[in-house]
Enquirer: 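This is the structure I want to talk about, given as structure tokens.
Numbers here simply count residues along the sequence, with the first being 1.
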Amino acid sequence: MDTERLEKICSAARRLFNQKGYPDTKMAEIAKEAEIAVGTLYSMFTGKESVLTFTILCALDKGCLYRDIPLPIKTIDTSVLKVNLERVFEEIRLVLQVTGEGGSIRKDFITLMGELYDVFADYMMSLDNIEKNGKILEELNSIYLPQKRWFWGEMGRLLKLYMEEGQIQPIQYVPAHVEFLIKTLSWWSVNVWNAFPDMDISPGVAKETFLGIIRRAYQVN
């Protein structure tokens, strides 16, 4: 299997499906973005839905591209995607476990933000694609949306906990801060390169810039 070419296709398709949505993304656009011929794309995938589902699978399962997958790639069964999506949310739940026995904080605020940055960098664009293309990925979206609401609620609870423990400055309007943190996480971990494609911003620099903003905004002790 041509792993390098598939990586380019997945990267191009992920961006296009995220920016334009499934209905408005053409196979020819994916091929152009991936720098391959349209015929080559069709020789590797049975159609646009197979590109979308394979792209999501490869984002949720990092080993996907290194397995022997027969070509052309068919639409990935929803049950396979569901298993991987649930595993990602289990990973997120583990990241959000900031307290140890007795309820004492064992993970400080900046450590949590750094770990969440890594999770967002790995998965956020594909999770957004599930939501934005929910009519095509209806079963996945029905799993994703309740988990998203749970995540937002947990972020609010943790902000209150860190505030009570004196790790961040007192804040009002916690839901607004949750939205700020999630949008800032998304922008620096995923969208900064789309916004400034000509800037040579390394992932490490983007992460440190994000954490610096959070330190200053919340006066982290």
Enquirer: Could you check if a side-chain atom of Phe54 sits within less than 4.5 angstrom of a side-chain atom of Cys10, using non-hydrogen atoms only?
Expert: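 With C-beta onward as the side chain, the pair touches.
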Enquirer: What is the minimum heavy-atom distance between Met163 and Pro170, and which atoms define it?
Expert: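 In this case the closest contact between Met163 and Pro170 is SD-CA, 3.5 Å.
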Enquirer: Taking Glu179's backbone N and O only, do any of them form a donor-acceptor pair with Trp152's side chain (distance below 3.5 Å, no angle check)?
Expert: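 No, Trp152 side chain to Glu179 backbone: no donor-acceptor pair under 3.5 Å.
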Enquirer: In terms of hydrophobic clustering (I, L, V, M, F, W, Y; side-chain heavy atoms under 4.5 Å; direct or indirect links), are Val119 and Leu94 co-clustered?
Expert: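 Unlinked, Val119 and Leu94 end up in two clusters.
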Enquirer: To the nearest 0.5 Å, what is the distance between OG1 on Thr184 and CG on Leu211?
Expert: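 CG of Leu211 is found 11.5 Å from OG1 of Thr184.
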Enquirer: Nearest 0.5 Å please: distance from the CE atom of Met44 over to the OG atom of Ser50.
Expert: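 Rounded to the nearest 0.5 Å, the CE-OG separation comes out at 11.0 Å.
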Enquirer: Going by heavy atoms in the side chains, are Asp61 and Arg67 under 4.5 Å from each other?
Expert: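 The answer is yes; the side chains approach within 4.5 Å.
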Enquirer: Determine the minimum heavy-atom distance between Leu6 and Ile73, stating which atoms define it.
Expert: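 The answer is CD2-CD1, 4.0 Å.
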Enquirer: Starting at OG1 of Thr3, measure out to CG of Leu65 and round the result to the nearest 0.5 Å.
Expert: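 Here the rounded value is 6.5 Å.
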Enquirer: Do Leu161 and Gln167 come within less than 4.5 Å of each other through their side chains, counting heavy atoms only?
Expert: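 When only atoms from C-beta onward are counted, Gln167 and Leu161 do not touch, as no gap falls below 4.5 Å.
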Enquirer: Nearest 0.5 angstrom please: Ile214 CD1 to Met113 CE, how far?
Expert: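 Ile214 atom CD1 to Met113 atom CE measures 7.0 Å (nearest 0.5 Å).
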Enquirer: Determine whether more than 12 heavy atoms belonging to other residues, nucleotides or ligands lie under 6.0 Å from atom NZ of Lys20.
Expert: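 Enclosed: over 12 neighbouring heavy atoms sit under 6.0 Å from NZ of Lys20.
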Enquirer: For Met27 versus Gly47, what's the shortest heavy-atom pair and its separation?
Expert: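 For Met27 versus Gly47, the nearest heavy atoms are CE-C, 4.0 Å.
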Enquirer: Leu181 and Leu116: side chain to side chain contact (heavy atoms under 4.5 Å, CB included), yes or no, with the steps?
Expert: CA-CA 10 Å; Leu181 285 168; Leu116 284 175; over 6 Å; no
Enquirer: Do you reckon Phe196 sits in the same ILVMFWY cluster as Val190, going by side-chain contacts under 4.5 Å, direct or chained?
Expert: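 They do share one cluster, since a chain of ILVMFWY contacts under 4.5 Å joins Phe196 to Val190.
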Enquirer: Main chain of Trp188, side chain of Tyr117: is a donor-acceptor contact present, judged purely on distance under 3.5 Å?
Expert: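 Side chain of Tyr117 to backbone of Trp188, a donor-acceptor pair under 3.5 Å: yes, one is there.
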Enquirer: For Gly21, does its backbone N or O pair with a side-chain atom of Asn133 as donor and acceptor, under 3.5 Å?
Expert: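 No; zero donor-acceptor contacts below 3.5 Å.
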Enquirer: Show the nearest heavy-atom pair for residues Cys58 and Cys64, with the distance to one decimal.
Expert: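 Shortest heavy-atom contact: SG-SG, 3.0 Å.
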Enquirer: Please assess Leu85 against Leu81 for the test side chain to side chain contact (heavy atoms under 4.5 Å, CB included), listing each intermediate value before the final yes or no.
Expert: CA-CA 6 Å; Leu85 181 60; Leu81 298 177; over 6 Å; no
Enquirer: Would you check, one step at a time, whether the test salt bridge (Lys or Arg N to Asp or Glu O under 4.0 Å) holds for Arg157 with Glu154?
Expert: CA-CA 5 Å; Arg157 182 183 70 82; Glu154 278 296 286; 2.9 Å; yes
Enquirer: Report, as yes or no, whether the 6.0 Å neighbourhood of atom NZ on Lys74 holds more than 12 heavy atoms from other residues, nucleotides or ligands.
Expert: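 At most 12 heavy atoms, drawn from other residues, nucleotides or ligands, come within 6.0 Å of this atom.
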Enquirer: Return the minimal non-hydrogen interatomic distance between Ser126 and Ile56, and the atom names on each side.
Expert: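 Answer, listing the atom of Ser126 first, then Ile56: OG-CA, 4.4 Å.
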Enquirer: Less than 4.5 Å apart, any side-chain heavy atom of Asp118 and any of Val95?
Expert: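 No - every pair of side-chain heavy atoms lies 4.5 Å or more apart.
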Enquirer: Would a distance-only check, ignoring hydrogens and angles, find a side-chain to backbone donor-acceptor pair under 3.5 Å from Lys107 to Leu96?
Expert: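 Pair absent, no side-chain N/O of Lys107 close to backbone of Leu96.
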Enquirer: Would you confirm whether Ser11, through its side chain, and Glu7, through its main-chain N or O, come within 3.5 Å as a donor-acceptor pair?
Expert: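 Such a contact is absent between Ser11 side chain and Glu7 backbone.
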Enquirer: Within the 4.5 Å heavy-atom criterion, are Val192 and Phe210 side-chain neighbours or not?
Expert: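 No, side chains not in contact.
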Enquirer: When you compare the side chain of Asn194 with that of Gln19, does any pair of heavy atoms fall below 4.5 Å?
Expert: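 Counting from C-beta outward, Gln19 and Asn194 do come under 4.5 Å.
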Enquirer: Give a yes or no on whether Ile69 and Val83 share a hydrophobic cluster (residues Ile, Leu, Val, Met, Phe, Trp, Tyr; joining criterion: side-chain heavy atoms under 4.5 Å apart).
Expert: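 In one cluster with Ile69: Val83, no.
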Enquirer: Could you walk me through whether Ile182 and Phe120 pass side chain to side chain contact (heavy atoms under 4.5 Å, CB included), step by step?
Expert: CA-CA 9 Å; Ile182 291 173; Phe120 272 52; 4.1 Å; yes
Enquirer: Test your reading of the model: is there a side-chain donor-acceptor pair from Asn18 to the backbone of Asp128, 3.5 Å cut-off?
Expert: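 Here the side-chain-to-backbone pair does not exist.
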Enquirer: Does Glu139, at its CD atom, have more than 12 non-hydrogen atoms belonging to other residues, nucleotides or ligands within less than 6.0 Å?
Expert: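 No, CD of Glu139 has 12 or fewer neighbouring heavy atoms, counting only those of other groups under 6.0 Å.
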Enquirer: Measuring from Ile143:CD1 to Glu138:CD, what's the distance to the nearest 0.5 Å?
Expert: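 Ile143 atom CD1 to Glu138 atom CD measures 11.5 Å (nearest 0.5 Å).
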Enquirer: In Å and rounded to the nearest 0.5 Å, what is the CE to NZ distance from Met125 to Lys132?
Expert: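 Output value for this atom pair is 8.5 Å.
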Enquirer: For Asp122, does its backbone N or O pair with a side-chain atom of Lys62 as donor and acceptor, under 3.5 Å?
Expert: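 Answer holds: yes.
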Enquirer: Answer yes or no on whether Lys48 is positioned over the face of Tyr22, meaning its NZ or CZ is under 6.0 Å from the six-membered ring centre and within 45° of the axis.
Expert: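 That pair qualifies as a cation-pi contact.
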Enquirer: Is the Tyr218 ring parallel, tilted or perpendicular to the Phe180 ring (thresholds 30°, 60°)?
Expert: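 Rings of Tyr218 and Phe180: tilted, as their planes differ by 30° to 60°.
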Enquirer: What are the two closest non-hydrogen atoms of Trp187 and Ala195, and how far apart are they?
Expert: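 That would be CZ2-CB, 3.9 Å.
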Enquirer: Test your reading of the model: is there a side-chain donor-acceptor pair from Arg106 to the backbone of Glu101, 3.5 Å cut-off?
Expert: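 Between the backbone of Glu101 and the side chain of Arg106 there is no qualifying donor-acceptor contact (under 3.5 Å).
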Enquirer: Verify side chain to side chain contact (heavy atoms under 4.5 Å, CB included) between Leu52 and Leu137, making sure each step is shown before the conclusion.
Expert: CA-CA 9 Å; Leu52 174 64; Leu137 304 165; 4.0 Å; yes
Enquirer: Taking Leu145 as the starting point, is it possible to reach Phe17 by hopping between hydrophobic residues whose side chains are less than 4.5 Å apart?
Expert: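 Yes, Phe17 connects to Leu145 through the hydrophobic network.
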Enquirer: May I ask you to decide if the ring planes of Tyr162 and Phe109 are parallel, tilted or perpendicular, using 30° and 60° as cut-offs?
Expert: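 Perpendicular, since the angle between the ring planes exceeds 60°.
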Enquirer: Answer whether the closest heavy-atom distance between the side chains of Tyr123 and Ile92 falls below 4.5 Å.
Expert: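 Not touching, per the 4.5 Å side-chain cut-off.
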Enquirer: Is there side-chain contact between Tyr144 and Asn141, with heavy atoms separated by less than 4.5 Å?
Expert: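 Yes, close enough: below the 4.5 Å cut-off.
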Enquirer: Looking at Arg93 and Glu90, is any side-chain nitrogen of the basic one under 4.0 Å from a carboxylate oxygen of the acidic one?
Expert: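 The answer is yes: the pair qualifies as a salt bridge.
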